[in-house]
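Worksheet: the structure to be examined is printed underneath.
In the text below, chain A, chain B and the rest are named by the order of the sequence lines, each starting its count at 1.
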There are 2 protein chains.
Amino acid sequence: MSEKSSSPTVADVAREAKVSKATAARVLGGYGIASDSARRVVMEAADRLGYQPNDLARSMSTGRSGLVGVIVGDIENAFFSQAVRGISDTLRAADLNLIISNSSERLSEEVEMVSVLLRQRVAGLIVAPTDSRHVNHLKAALVAGTPVVTIDRHAPELAADAICGEDRESIGRVLSRLQGAGHRHVAYVTAMETRDGKLGRLEDIGISAVRERIAGFLEHMREAGVENPADLAFIGATGDDETTSVVTRILEHSPPITAILASDSLIGARVFRELSDRGLSLPQDMSLVSWFDADWSRVTSPRISVVDQPTYQFGQKAAERLIARLQGDASPPKLFVIPTPLLDRGTIGPAKTG
Amino acid sequence: MSEKSSSPTVADVAREAKVSKATAARVLGGYGIASDSARRVVMEAADRLGYQPNDLARSMSTGRSGLVGVIVGDIENAFFSQAVRGISDTLRAADLNLIISNSSERLSEEVEMVSVLLRQRVAGLIVAPTDSRHVNHLKAALVAGTPVVTIDRHAPELAADAICGEDRESIGRVLSRLQGAGHRHVAYVTAMETRDGKLGRLEDIGISAVRERIAGFLEHMREAGVENPADLAFIGATGDDETTSVVTRILEHSPPITAILASDSLIGARVFRELSDRGLSLPQDMSLVSWFDADWSRVTSPRISVVDQPTYQFGQKAAERLIARLQGDASPPKLFVIPTPLLDRGTIGPAKTG
DNA sequence: TTGTATGCGTTATCAG
DNA sequence: CTGATAACGCATACAA
């Protein structure tokens, strides 16, 4: 019983079953036609040898590879890991597997990852593009015949399906709610970095979801009669220290800021911690709304009011669209907007006056 | 300018550069020897045609596939997504990519996933095995020459490197600390399911980390003179409702339970919420220690005392070991234990008496 | 240094 | 229904 070190191939099975390679291949691959007797002999031989198909070779022959590439900003972030779970569950049902990559929200890494995945000949790509204005690498994928779906973000230049939340609308809802409670000076805090630490032109914001929300913020604040809404958009909350300083600036702001919007759950958590560290109580001293319903926002007291972004659904929908494209759907690319309602729990209170 | 629909191959480049396929392959693949002039001509041709290597074909030829399979219980859980990030970062540095799968902590799915990944001819496997006693599928991978590293869990029967936390020791540390504060009746809450809802034989617990911790729990409690420590191990906290009922049983327990240990951060969060919903304050009315330093445990007041499991490091180490194996390290498999210290923040108080 | 020929494990074509 | 045989795209032993 001499074992070849590598695993048995169709040829080995064919030999063992005393049929031709073609016949063995047909029954093992489950295609073409084979007699019951042939089928039986081959299956038995395969069992005996412990045959395991080689999907690499299969992909080479067919040109199809049951692998889908996923590129997110940060898999560690629950926002994305939940989305990945949605993608994974949906893909699995269609017999597809998922290669996952982290861009760390850096364009250069994203470009590199796309290239790597394309080399692996993935069947399709689901990407949270870090810069909506630089999508040539994604266009190239499309041209090469690899369908692309963007998630959480939208790149108008890219002829691909996109799954997004109601970025513009949600901020409108939140601001209306706050204004109804008497808030006029509301701060929006986000993590974006710029050279000078200031909010520049909106068109220079790469992540479309961020851009949309800031645009909506400025628009609504202006409509509400706030003079320089840009002064109320605080960027650069990239880490703990940076957030500390942002919160300091917010608390020292004049006229007084009475409510804070956190653009994602990491920032929300940091802001919350800062506020409680300073002995402020919510919502009496400050109102707070965070985007994404993370675990932490349900254990604080009071619980945090959040804009609920159901990213598992984002992922599901993205995977569904990709599968549709893979199955030949050639309809024009479409933007799918997933509802992101405001869950007002306990951190929106009346504006603190004086 | 007639375009072939599929992407150009070495043959195309060779033709364009007017050299042999072998020469083109050598410079494109970066192996063997080629003259500078040849190199130049080929690269130019490749550029002109937009050549992208086909890693599938490359893997077929070489037998190596720059893909590593990762199987975790639940990518949505920060415990695992953090580990995956560690794996991903480390793997990337070694030019490896990662295919990720969810077992949902079900053996059948894990077996299926291993099979799928092996078919893809992954270079190696990093797995959090859902049942340490059923690892034949992993043994098979090993036999087939695919290195395996287990993460968070250890399967003694499996001759593979394992990366684990200090499961046994950490519970000892926690219990000593609690006992020092006067606690005698401490509950351990975990998610494991059994047929009858009762803690059966320890050997029947599949997830080794869970088994180790419960074993350590029982041992220490017994040493401390507690009569039926098994009565204090509450299993089946699998969801919100189940946790509610567990907490109810804990609060009604006699003799009174004065401290709760939560075996992971999901359970910890649920228990915390249950306790606050009932108006109990920590640590006056109840002490609480959770495993894993999740986001939420730093925003509560007081902050939660936790056993810090640095899963990013788990992932890093696992990837490092796998890479070593891939590079030919044939030393005997080893168990690597990552320190998991107790971060005592604010939820261990003196035992409530009477 | 370069070219020729063959193999990797499948799928797929086309006679028998 | 079955069996030769040729792809698929790249790597590589060997010859030139």
Side-chain angles (χ1 to χ4, degrees), chain A residues 4-43 45-46 49-67 118-123 144-145, chain B residues 4-43 45-46 49-67 116 118-123 144-146:
Chain A
K4 292 262 287 297
S5 66
S6 69
S7 55
T9 72
V10 282
D12 298 326
V13 174
R15 202 174 309 119
E16 172 82 9
K18 298 187 205 310
V19 297
S20 74
K21 223 171 60 166
T23 301
R26 274 190 284 258
V27 0
L28 292 174
Y31 62 93
I33 299 171
S35 66
D36 286 355
S37 63
R39 199 178 308 280
R40 206 166 39 73
V41 195
V42 172
M43 291 310 274
L49 266 45
Y51 170 77
Q52 288 289 109
N54 182 333
D55 278 350
L56 242 63
R58 183 167 294 176
S59 299
M60 270 239 26
S61 275
T62 59
R64 288 179 291 279
S65 97
L67 257 33
L118 251 28
R119 280 207 277 273
Q120 304 278 359
R121 295 298 188 264
V122 291
Chain B
K4 292 264 286 298
S5 66
S6 69
S7 54
T9 72
V10 279
D12 296 327
V13 175
R15 203 175 308 118
E16 172 82 10
K18 298 186 205 308
V19 297
S20 76
K21 230 170 53 167
T23 302
R26 275 190 281 259
V27 0
L28 292 174
Y31 59 91
I33 300 170
S35 65
D36 286 353
S37 62
R39 199 179 308 280
R40 204 166 39 74
V41 193
V42 172
M43 291 311 275
L49 266 45
Y51 170 77
Q52 288 289 111
N54 181 334
D55 278 350
L56 242 60
R58 185 167 292 175
S59 300
M60 273 241 28
S61 283
T62 60
R64 288 180 290 281
S65 97
L67 257 33
V116 168
L118 251 28
R119 280 207 277 272
Q120 305 277 0
R121 295 297 188 264
V122 291
T146 308

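- Spacing between atom CG of Leu49(A) and atom P of dG9(C) amounts to 13 Å, rounded to whole angstrom units.
- Atom CZ in Arg26(A) sits about 11 Å away from atom P in dT11(C), given to the nearest Å.
- When side chains are defined from C-beta on, Val41(B) does not count as touching Lys18(B), because their heavy atoms never get closer than 4.5 Å.
- The interatomic distance linking Arg39(A) (CZ) with dC1(D) (P) rounds to 9 Å, in whole Å.
- Checking the phosphate oxygens (OP1, OP2) of dG3(D), a side-chain nitrogen or oxygen of Thr23(A) falls inside 4.0 Å.
- Of the candidates Val42(A), Asp12(A), Val10(A), Val10(A) is the only one forming a side-chain contact (heavy atoms from CB on, under 4.5 Å) with Tyr51(A).
- Without hydrogens or angle criteria, Ser65(A) side chain to Ser59(A) main chain gives no donor-acceptor distance under 3.5 Å.
- With dT1(C), dT2(D), dA12(C) as the candidates, the nucleotide lying closest to the side chain of Ser35(B) is dT1(C).
- Computed from coordinates, the Ile33(B) CD1 to dG3(C) P distance equals 14 Å when rounded to whole Å.
- When side chains are defined from C-beta on, Asn54(A) counts as touching Arg121(B), because their heavy atoms get closer than 4.5 Å.
- The CG-C1' distance, from Leu28(A) to dG3(D), rounds to 16 Å in whole Å.
- Side-chain contact between Arg15(B) and Pro8(B) is absent, with no heavy atoms from C-beta onward closer than 4.5 Å.
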Between protein and nucleic acid, restricted to nucleotides 7-10 of chain D and to nitrogen or oxygen atoms under 3.5 Å apart, what atom pairs and distances do you find?
{"from": "dG9(D)", "atom 1": "N2", "to": "Ser61(B)", "atom 2": "OG", "distance (Å)": "3.2"}
{"from": "dC10(D)", "atom 1": "OP1", "to": "Tyr51(B)", "atom 2": "OH", "distance (Å)": "2.6"}
{"from": "dC10(D)", "atom 1": "OP1", "to": "Asn54(B)", "atom 2": "N", "distance (Å)": "3.3"}
{"from": "dC10(D)", "atom 1": "OP2", "to": "Val10(B)", "atom 2": "N", "distance (Å)": "2.6"}
{"from": "dC10(D)", "atom 1": "O2", "to": "Ser61(B)", "atom 2": "OG", "distance (Å)": "2.5"}

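- Put simply, CZ on Arg15(A) is 13 Å from C1' on dG9(C), counting in whole angstrom units.
- Residue Leu56(B) holds its CG atom at 7.0 Å from CE of Met60(A), rounded to the nearest 0.5 Å.
- When the local axes at the two ends of the helix from dT1(C)-dA16(D) to dG16(C)-dC1(D) are compared, using 5 base pairs at each end, they differ in direction by 40° after rounding to 10°.
- Residue Ser20(B) is the one, among Ser20(B) and Arg64(A), whose nearest nucleotide of DNA chain C lies closer to the 5' end (criterion: closest heavy atom).
- Expressed to the nearest 0.5 Å, how far CG of Leu67(A) lies from CG of Leu67(B) amounts to 6.5 Å.
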Review item, side-chain donor-acceptor pairs of residues 21-35 of chain B, under 3.5 Å, at least two apart:
{"from": "Thr23(B)", "atom 1": "OG1", "to": "Ser20(B)", "atom 2": "OG", "distance (Å)": "3.1"}
{"from": "Ser35(B)", "atom 1": "OG", "to": "Ser37(B)", "atom 2": "OG", "distance (Å)": "3.2"}
{"from": "Ser35(B)", "atom 1": "OG", "to": "Ala38(B)", "atom 2": "N", "distance (Å)": "3.2"}

